[in-house]
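Start at 1 and go down the list; that is how both ligands and their atoms are numbered.
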Amino acid sequence: MKELQDRILKDGRCLPGGILKVDNFINHQMDSELMFHCSAEFMRLFADRKIDKILTIEASGIAPAVFAGWLMRVPVVFAKKAVPKTMDKAFVTTVHSFTKNRDYTVFVSREYLNPGERILIIDDFLACGNAAVGLADLCRQADAPVEGLGFLVEKAFQGGRDLIAKALPDAQVESLAVITSLDDGQIVFS
Ligand code: 5GP
């Protein structure tokens with residue numbers, strides 16, 4: 001998606017270790033118009049799939065997921081990373097964070113993922129694929145099939161797409177900006 005790629009080239013910064021910093025339009029300050037356009041693109045790309053619910057993970061997946069949910073007229077659920085006292089029954093999984101280099105627990109209340117609901121997973125980044133596969137595991141526990149996964153930015157050099165293909169061979173995977181290299185501070189798109 002050209003608008004997103006142009007913005008990444010303009011405002012994205014490469015950090016050591018293959019990290020792309022996009023704090024000024026996705027991860028801290030959010031450009032709501034750009035997020036809305038990204039969500040409209042998700043709606044177009046997944047138009048052939050019947051989607052009942054969108055699942056994302058806090059925090060940065062929420063903005064594109066909410067706009068997509070509004071456009072597609074489906075509810076949006078975000079997986080949480082800290083267990084609130086008010087939650088008795090939950091689907092729980094463990095995800096390894098590439099950016100923070102640690103494991104964390106992710107969960108969704110059993111109330112909000114139901115058997116047979118067709119799920120679209122949306123997140124900001126696809127890197128190694130652990131967050132996406134963790135979200136898919138929550139759906140598996142709920143007997144809710146994953147129809148598709150949509151990412152704003154994919155770092156293709158970290159292999160996440162292969163991990164998803166193994167875990168979810170029938171799911172449609174779409175990324176709006178696919179980066180093949182961040183070497184030497186240069187952002188290269190596919
Ligand atoms: P994965 O589980 O695919 O390795 O990583 C996905 C998660 O890690 C995303 O939800 C995102 O929050 C974070 N992440 C991975 N790589 C990057 C990156 O280069 N920049 C930013 N800002 N977040 C990243």
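Looking at atom 14 (N) of ligand 1, its nearest protein heavy atom turns out to be T99 CG2, 3.6 Å. Scanning the protein for heavy atoms near atom 5 (O) of ligand 1, the closest one is A127 CB, 3.7 Å. Counting only heavy atoms of the protein, atom 4 (O) of ligand 1 lies nearest to C128 N, 2.8 Å. Protein heavy atom at the shortest distance from atom 23 (N) of ligand 1 is F125 CD1, 3.6 Å. Distance from atom 10 (O) of ligand 1 to its nearest protein heavy atom, with residue and atom name: D123 OD2, 2.9 Å. Here the heavy atom of the protein found nearest to atom 20 (N) of ligand 1 is L20 O, 2.8 Å. Of all protein heavy atoms, the one closest to atom 11 (C) of ligand 1 is D124 OD1, 3.5 Å. Scanning all protein heavy atoms for the shortest distance to atom 22 (N) of ligand 1 gives N27 OD1, 2.8 Å.
Taking the six-membered ring where the residue is Trp, F36 and F67 present perpendicular rings, their angle passing 60° and hence far from 30°.
The backbone N or O of N24 sits less than 3.5 Å from a side-chain atom of Q29, completing a donor-acceptor pair.
Using a 4.5 Å heavy-atom threshold, the side chains of V22 and V153 count as separate. Residues F189 and I8 have side chains in contact (heavy-atom distance under 4.5 Å, counting atoms from C-beta outward). Residues V95 and L135 form no side-chain contact, since every pair of their non-hydrogen atoms from C-beta on lies 4.5 Å or further apart.
When heavy-atom distances to ligand 1 are checked against a 4.0 Å cut-off, D23 has no atom that comes that close, whether in backbone or side chain. Here I19 has heavy atoms under 4.0 Å from ligand 1 in both its backbone and its side chain. If you look at N130 next to ligand 1, the close heavy atoms, those under 4.0 Å, come from the backbone and the side chain alike. When heavy-atom distances to ligand 1 are checked against a 4.0 Å cut-off, K155 comes that close only through its side chain, counted from C-beta outward.
In this structure, H28 places its NE2 atom where only 12 or fewer heavy-atom neighbours from other residues, nucleotides or ligands lie under 6.0 Å away. By the neighbour-count criterion of 12 heavy atoms within 6.0 Å, atom CE of M30 is sparsely surrounded, having that number or fewer from other residues, nucleotides or ligands.
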Task: Candidate pair F46 and I122, rule side chain to side chain contact (heavy atoms under 4.5 Å, CB included), full reasoning - done: CA-CA 11 Å; F46 292 105; I122 287 184; 5.9 Å; no
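Under the 4.5 Å side-chain heavy-atom criterion for grouping Ile, Leu, Val, Met, Phe, Trp and Tyr, F125 is not connected to I121 through any hydrophobic cluster.
The option from A59, G129, S97, A131 that lies nearest to atom 3 (O) of ligand 1, judged by heavy atoms, is G129.
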